[in-house]
There are 2 protein chains.
Amino acid sequence: MVTIAEVARHAGVAASTVSYVLSGKRSISSDTRARVQRSVQALGYRPNASARALASQRANVLALVVPLRTGMHVPVMMQFATSVVTTARRFDHDVLLLTADEGPEGLERVAQSSLVDALVVMDVELHDERVPVLRELPMPSVLIGYPADADGLTCIDLDFVAAGAQCVDHLADLGHHSIALLGTPSAVYERQTGFAQRTLTGFVDAAGRRGVLGVETPCEHTFDAVLHTVEQLLRDHPGITGLVVQNEPIIGPLLDVLRRLGRRVPEDMSLVAICADDVAESQVPRLSSVTIPAEQIGLQAVESLITKLEGGSVPALTLLPPGLTARASSSQPTGHIGSP
Amino acid sequence: MVTIAEVARHAGVAASTVSYVLSGKRSISSDTRARVQRSVQALGYRPNASARALASQRANVLALVVPLRTGMHVPVMMQFATSVVTTARRFDHDVLLLTADEGPEGLERVAQSSLVDALVVMDVELHDERVPVLRELPMPSVLIGYPADADGLTCIDLDFVAAGAQCVDHLADLGHHSIALLGTPSAVYERQTGFAQRTLTGFVDAAGRRGVLGVETPCEHTFDAVLHTVEQLLRDHPGITGLVVQNEPIIGPLLDVLRRLGRRVPEDMSLVAICADDVAESQVPRLSSVTIPAEQIGLQAVESLITKLEGGSVPALTLLPPGLTARASSSQPTGHIGSP
DNA sequence: CTGAAAGCGCTAACAG
DNA sequence: CTGTTAGCGCTTTCAG
């Protein structure tokens, strides 16, 4: 590998001059700059990352901690990771991939060894044991999610409360009076991954505000669970005409179950999903949905980190507003058209 | 951050002794070893990654290049990535995440700057422009997939030819005489991502060998495409009683389409899918399937890289044998029971 | 505007 | 078995 010294010799300048040409941290006569750049090209010089990191105290690497088992939809996670990598590259950083199973110790490891100079942690739970660790780490971090005690930390997330409310409002606006939230598996609520609970809060509050009946039930990922849950729901609340679904894997089975039960969508049952756009669009009928803006969250997360690394300050909490796209799966409830 | 010099002073030894205690690269009296270890603990010492990399010429980081847009099922990809990270950690390495859109230049960048000391490249196409680059790189790499010219490279993949054949054999063993392969979208074949073509090869060869009719058709990911494709297939070949599916996203729609067309599974139509186990098991009925051993491929990839890094040699091509699990979606063709 | 020189924190000969 | 020393390749004062 060619070193900075070789480039310097080739260009007839000092190594520091080469460094400064590359970093632009002091002004260089256009003459020597050109000469150095030609030498860099000619020799195919690439600065050694470790040497640079050691001397500058900056690895130019961000850690990305992804969940392993989670209620989170995998493609959304991947979209998110992709967005983090892409954005990091725009700021000349690379991304080190960590899995959540390394736990708090893993964060300490990469941070304290200066392998990375900032961290993005996904799928943060309400009482996440990594939160206190992050607070003590000698470098900035951004959490995707929203722990109970977020003091001194930077969090970014979709505004799930607003998302839940938006679904209710959409259905209420259409004239529905009885609706249900088909939620994530109960394990997700128990783990207190904030997002499921916050959606529920938004759903319940909005239902109250709009004066509609809003019932709620968790749902596991198997076909049988969906069938059983929906049957039970319709037995207990026969008047339900609208469903909000926050559980991507059951969307297919749910449509199937409704078909089996003889409920047409949207004539007999309106549906609004909280899911990725491509999932909503690939169903029959295409689903009205609130998108999880994975790409935007990733972008925001990295931009916040870079700002912090440069000494800037960022808001402690960024809640991205949800956007509801009405598609074919929601309409006025049949037989109630025109009712108040 | 505490340095090796501080640990050395605290323990009353030389810095090199601390280094040797940590690396175990030479024998240390149990007395000083204990003393050093106590100091390491007491001070909470973590070796600086850049300094270590610079001095030892080893970053202890592997690059993982993941595809962005691909015919590959995302959860499988994620499984794979997870396996790579987990295995890398077992060998005391970390993983740098790169996306395919950085192209060959991205590989050169991380390799020539010594950011990583080996690479895993996923979703390698038949005529992948990264292949010649990898060949020239001054460090080992492993490809997941199987390019046309794999000379001098190490490749690992599922044996898709065998997978295609195994599906045919399974159905032929059950007594089916006319079967079809529902493949990936035609774009995937055109991109010549080897796996789709190799499955097709195995399917066609085995059908010939077993003397059964084997027809083949690509299929896009939309519901309408599935409906259209299956209708066309059954119109052209009404005798078909068995389907091999290599296209994870259409599995749900396909089951739905068959139901609509009044074909029961497996009574009227047997199904074998090439997909992840959890997908096969979450369908109704549970699908007979050939698994993509993502976890094992990831493990194998990292182990090969580590072996190469240590100067060992590994086979140029490792094709992991497919494993078929018979579940509820395949049976003898009704009305043909007992026929030869 | 440029060069010389002092580290960054660690590893690995080399010497004893 | 342990210590001394010379780098690894770069950045960044300090001097001019």
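Proteins get letters first, then strands, A, B, ... in listed order; numbering begins at 1 in each.
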Undergrad: Does one side chain, of T32(A) or S29(A), offer a donor that lies under 3.5 Å from an acceptor on the other?
TA: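 Note: T32(A) and S29(A) side chains meet the donor-acceptor criterion.
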
Undergrad: Measure CG/N60(B) against C1'/dT11(C) and give the value in whole Å, please.
TA: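 Taking CG of N60(B) and C1' of dT11(C), I get 13 Å after rounding.
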
Undergrad: Is the phosphate of dT2(D), meaning OP1 or OP2, less than 4.0 Å from a side-chain N or O of T32(B)?
TA: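 Yes.
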
Undergrad: Per the atom types in the model, does the base of dT2(C) pair as donor or acceptor with the side chain of S29(A) at under 3.5 Å?
TA: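 No such pair is found, so the answer is no.
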
Undergrad: Rounding to a whole Å, what distance do you find between R58(B):CZ and dC8(D):C1'?
TA: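 Taking atom C1' of dC8(D) as the reference, CZ of R58(B) is at 15 Å.
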
Undergrad: Between D101(A) and T99(A), does any side-chain donor sit less than 3.5 Å from a side-chain acceptor?
TA: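 Yes, side-chain donor-acceptor contact under 3.5 Å.
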
Undergrad: Please confirm whether any donor atom in the side chain of S16(A) sits under 3.5 Å from an acceptor in the base of dA4(C), or the reverse.
TA: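 Check passes, donor-acceptor contact within cut-off.
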
Undergrad: For the residue pair D128(A) and L134(A), establish whether any side-chain heavy-atom pair is separated by less than 4.5 Å.
TA: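 With C-beta onward as the side chain, the pair stays apart.
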
Undergrad: Report the distance from atom CD1 of I28(A) to atom C1' of dC1(C), rounded to the nearest whole Å.
TA: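 Taking atom C1' of dC1(C) as the reference, CD1 of I28(A) is at 7 Å.
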
Undergrad: On DNA chain C, compare the nucleotides closest to R26(A) and L54(B); which residue's is nearer the 5' end?
TA: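 Its nearest nucleotide being more 5', the pick is R26(A).
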
Undergrad: Can you figure out which of dA12(C), dC10(D), dT13(D) approaches the side chain of S56(B) most closely?
TA: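 It is dA12(C).
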
Undergrad: My understanding is that only one of D151(B), D149(B), L153(B) makes a side-chain contact (heavy atoms from CB on, under 4.5 Å) with V131(B); could you say which?
TA: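 With V131(B) as partner, side-chain contact (heavy atoms from CB on, under 4.5 Å) holds for just one option, L153(B).
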
Undergrad: Please report the closest heavy-atom contact between Q79(A) and A276(A), naming both atoms and the distance.
TA: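 What the structure gives for the nearest pair is OE1-CB, 4.3 Å.
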
Undergrad: Given dC10(D), dG9(C), dC1(C), which nucleotide is nearest the side-chain atoms of A51(B)?
TA: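 Closest nucleotide to the A51(B) side chain: dG9(C).
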
Undergrad: Let me know the distance between CZ of R9(B) and C1' of dG3(D), rounded to the nearest Å.
TA: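 After rounding, the gap between these two atoms is 16 Å.
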
Undergrad: Could you state the OH-P distance from Y20(A) to dC10(D), rounded to the nearest angstrom?
TA: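 To the nearest whole Å, that distance equals 15 Å.
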
Undergrad: Expressed in angstrom and rounded to an integer, what is the separation of I4(A) atom CD1 from dA5(C) atom P?
TA: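 Taking atom P of dA5(C) as the reference, CD1 of I4(A) is at 17 Å.
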
Undergrad: Quick one: is dG9(D) close enough that its OP1 or OP2 comes under 4.0 Å of any side-chain N or O from T3(A)?
TA: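 Result: no.
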
Undergrad: Quick one: which of dC10(D), dG3(C), dT11(C) gets closest to the side chain of R52(B)?
TA: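 So the side chain of R52(B) is nearest to dT11(C).
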
Undergrad: Using whole Å, report how far CD of Q57(A) lies from P of dG7(C).
TA: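 After rounding, the reported distance stands at 14 Å.
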
Undergrad: Starting the side chain at C-beta, find the nucleotide from dG3(C), dT11(D), dT2(D) nearest to T17(A).
TA: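 Closest nucleotide among those given: dG3(C).
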
Undergrad: Whole-Å distance between dC1(C) P and K25(A) NZ?
TA: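 Rounded to the whole Å, the gap is 18 Å.
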
Undergrad: From the set dT11(D), dT2(C), dC10(C), return the single nucleotide nearest to any side-chain atom of Y45(B).
TA: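 Of dT11(D), dT2(C), dC10(C), dC10(C) is nearest to the side chain of Y45(B).
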
